Amino acid sequence: MKPRFRSLRERIYRLLGASTVTLDGVRLQAVGAGIPDEITRLLRRGDYEFAERKLLARVATRGDRVLEVGAGIGALGLVAARLCGAENVLSYEPNPATLPIIEANHTLNNLHPEVRPKAITTDGGPITFFRTGNIISSSLIERGSSEPITVESDTLGAAIEDFEPTILLMDAEGAEIDLLPATDLSRLRALVIETHTKITGTASVADLKTQLTQAGFHIAADVNNNILCLRDGTS
């Protein structure tokens, strides 16, 4: 699953010198402080979170409430806000470096879903977060050159109980392997989860899929390391 005319899109944006791009009706800052060249390229090509955006659009409706774990630059949260209403979206993002970018993107769209500057963990306590120069690679798991910082967290269960979402979006850079099996997901009707075989290994991802199936979901799509899980009895 890839966007059409990716190279042409990138060339046009580059020639125009445009500082923003539009993806699924959402305007996003593509050039500026804190945005690495890799992210600029993905945004201009339309590749940025492409599979997640399409899987979310497949299931989200105006009546849904969306909990996002790992907001990145705010793209998916804004797509969810367009589909479900900004008041029905709550995003968690522990990396303080991305928060100004998220706010700038919210302002571009005049949509302001809630963002909590926290991590999601299994115990809800302060945790070491490993921040890297590439904002999309920062995570709770240490990988290569990174800066450890301490951030506050909530448990996934507490976030679900508080916000009462119907859909969970998760890009936790490998932490999904621990978070999802440890949480009661019975209130959710759909999950859009990015898996990370390069971090956790293929066996761990296979085990996670089995655990989600045992929790009452079926895997409706598996695209580019992103899985769409629907509550059994839904399609």
Side-chain angles (χ1 to χ4, degrees), residues 52 55-56 59-61 63-72 74 76-77 79-81 83-96 98-99 102 113-130 138-142 149-196 199-201 204-220 225-234:
E52 298 98 307
L55 294 176
L56 175 62
V59 295
T61 67
D64 280 307
R65 289 173 65 79
V66 179
L67 173 63
E68 179 184 25
V69 177
L76 272 183
V79 172
L83 294 169
C84 306
E87 71 280 4
N88 292 319
V89 179
L90 170 61
S91 299
Y92 276 79
E93 176 51 56
N95 188 351
T98 67
L99 298 177
I102 293 172
E114 182 181 354
V115 178
R116 292 183 184 169
K118 292 182 173 183
I120 290 289
T121 62
T122 55
D123 65 9
I127 193 166
T128 300
F129 179 78
F130 297 96
S138 301
S139 74
L140 300 179
I141 299 172
E142 185 174 13
I149 61 174
T150 300
V151 298
E152 299 297 318
S153 78
D154 291 335
T155 66
L156 182 56
I160 290 172
E161 184 174 355
D162 174 50
F163 190 65
E164 299 183 345
T166 56
I167 296 174
L168 173 66
L169 301 177
M170 180 174 284
D171 182 359
E173 296 295 323
E176 66 277 358
I177 296 297
D178 296 320
L179 292 171
L180 292 169
T183 304
D184 180 1
L185 305 174
S186 60
R187 294 185 181 185
L188 297 161
R189 72 172 188 86
L191 318 172
V192 178
I193 309 297
E194 181 172 350
T195 62
H196 299 83
I199 301 173
T200 66
S204 293
V205 173
D207 287 344
L208 176 63
K209 292 176 181 178
T210 298
Q211 290 163 334
L212 292 174
T213 299
Q214 292 171 345
F217 294 92
H218 63 275
I219 297 176
N225 296 314
N226 296 278
I227 54 175
L228 170 63
C229 304
L230 299 179
R231 176 69 54 192
D232 287 345
T234 62

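All values reported here derive from a predicted model rather than from experimental measurement.
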Novice: Can you name the nearest heavy-atom pair linking Leu83 to Ala60, along with the distance?
Specialist: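 That closest heavy-atom pairing would be CD1-CB, 3.9 Å.
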Novice: Could you grab the distance from atom CG of Asp171 to atom CG of Asn226, nearest 0.5 Å is fine?
Specialist: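 So the CG of Asp171 and the CG of Asn226 are separated by 8.0 Å.
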Novice: Heavy-atom distance under 4.5 Å between the side chains of Leu55 and Ile227, does that happen here?
Specialist: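 Answer no - side chains too far apart.
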Novice: Ignoring hydrogens, what is the shortest heavy-atom contact between Gly124 and Thr121? Give both atom names and the distance.
Specialist: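 Shortest heavy-atom separation between Gly124 and Thr121 comes out as N-OG1, 2.9 Å.
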Novice: Between atom CG of Leu156 and atom CG of Leu180, what is the distance when rounded to the nearest 0.5 Å?
Specialist: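 Between Leu156 CG and Leu180 CG, I get 6.5 Å after rounding to 0.5 Å.
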Novice: Output yes when a side-chain donor or acceptor of Asp64 lies under 3.5 Å from a complementary backbone atom of Val66, and no otherwise.
Specialist: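 Not a single qualifying donor-acceptor pair exists.
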Novice: Roughly how far, to the nearest 0.5 Å, is CD1 of Ile120 from CD1 of Ile160?
Specialist: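 Between atom CD1 of Ile160 and atom CD1 of Ile120 there are 8.5 Å.
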Novice: Asp154 side chain to Lys118 main-chain N or O, any donor-acceptor pair under 3.5 Å?
Specialist: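 No, the answer is negative, given that no donor and acceptor are paired below the 3.5 Å cut-off.
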Novice: Can you find a pair of side-chain heavy atoms, one from Leu191 and one from Met170, that are under 4.5 Å apart?
Specialist: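 In short, these two side chains do not touch, never coming nearer than 4.5 Å.
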Novice: Please give me the minimum heavy-atom distance between Phe129 and Pro94, naming the atom from each residue.
Specialist: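 Between these two residues, the closest heavy atoms are CE1-CG, 3.4 Å.
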Novice: If every non-hydrogen atom of Ile102 is compared with every non-hydrogen atom of Ala71, which pair is closest and at what distance?
Specialist: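 Closest approach of Ile102 to Ala71: CD1-CB, 3.9 Å.
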Novice: If I take atom CG from residue Leu67 and atom OG from residue Ser91, how far apart are they, to the nearest 0.5 angstrom?
Specialist: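 OG of Ser91 is found 8.0 Å from CG of Leu67.
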Novice: Evaluate Val69 against Leu168 for side-chain contact (heavy atoms from CB on, under 4.5 Å), listing each step before the verdict.
Specialist: CA-CA 8 Å; Val69 177; Leu168 173 66; 4.0 Å; yes
Novice: Would you say the side-chain atoms of Gln214 pair up with the backbone N or O of Leu212, donor to acceptor, closer than 3.5 Å?
Specialist: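 No; zero donor-acceptor contacts below 3.5 Å.
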Novice: Grab the two heavy atoms, one from Ser204 and one from Ile177, that are nearest each other, plus how far apart they are.
Specialist: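 Scanning both residues completely, I find the closest heavy atoms to be O-CD1, 3.5 Å.
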Novice: Is any side-chain heavy atom of Leu56 less than 4.5 Å from a side-chain heavy atom of Leu76?
Specialist: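 A side-chain contact under 4.5 Å exists here.
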Novice: Can you confirm whether Glu68 sits close enough to Leu90 that some side-chain heavy atom of one is under 4.5 Å from a side-chain heavy atom of the other?
Specialist: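 Heavy-atom side-chain distance check fails, nothing below 4.5 Å.
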Novice: Is there a side-chain contact between Pro96 and Ile149, using heavy atoms and a 4.5 Å cut-off?
Specialist: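 Sidechains of Ile149 and Pro96: in contact.
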Novice: Within a strict 4.5 Å, meaning less than it, do heavy atoms of the Val59 and Leu228 side chains meet?
Specialist: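 Sidechains of Leu228 and Val59: in contact.
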Novice: Nearest 0.5 Å, what's the CZ-CD1 distance between Phe217 and Ile193?
Specialist: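 Here the interatomic distance stands at 9.0 Å.
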Novice: Hey, could you give me the CZ/CG distance between Arg116 and Asp162, rounded to the nearest 0.5 Å?
Specialist: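 With rounding to 0.5 Å, CZ (Arg116) is 4.5 Å from CG (Asp162).
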Novice: Do Asp207 and Thr210 have a side chain donor and acceptor closer than 3.5 Å?
Specialist: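 No, Thr210 and Asp207 have no side-chain donor paired with an acceptor closer than 3.5 Å.
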Novice: Just wondering, do Glu93 and Asn95 contact through their side chains at under 4.5 Å, heavy atoms?
Specialist: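 Heavy-atom side-chain distance check passes, below 4.5 Å.
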Novice: Would Glu176 and Leu208 satisfy side-chain contact (heavy atoms from CB on, under 4.5 Å), going step by step from the backbone distance to the final call?
Specialist: CA-CA 8 Å; Glu176 66 277 358; Leu208 176 63; 4.0 Å; yes
Novice: Output yes when a side-chain donor or acceptor of Thr195 lies under 3.5 Å from a complementary backbone atom of Asn225, and no otherwise.
Specialist: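 Here the side-chain-to-backbone pair exists.
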Novice: Quick check against the 3.5 Å criterion: does Thr166 have a side-chain atom that pairs as donor or acceptor with the backbone of Arg65?
Specialist: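 Yes; at least one donor-acceptor contact below 3.5 Å.
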Novice: Assess whether atom CD of Glu161 is packed by more than 12 heavy atoms of other residues, nucleotides or ligands within 6.0 Å.
Specialist: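 Open: at most 12 neighbouring heavy atoms sit under 6.0 Å from CD of Glu161.
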Novice: Is any side-chain heavy atom of Thr183 closer than 4.5 Å to one of Thr155?
Specialist: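 Contact flag for Thr155/Thr183 side chains = no.
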Novice: For residues Ser186 and Asp184, report the shortest heavy-atom separation together with the two atoms involved.
Specialist: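 Heavy atoms of Ser186 and Asp184 come nearest at OG-OD1, 2.8 Å.
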Novice: Scan side-chain atoms only and decide if Thr122 and Asp178 contain a donor-acceptor pair under the 3.5 Å cut-off.
Specialist: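 No.
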Novice: Is the side chain of Arg187 donor-acceptor paired with the backbone N or O of Pro165 at a distance under 3.5 Å, no angle test?
Specialist: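 Answer holds: no.
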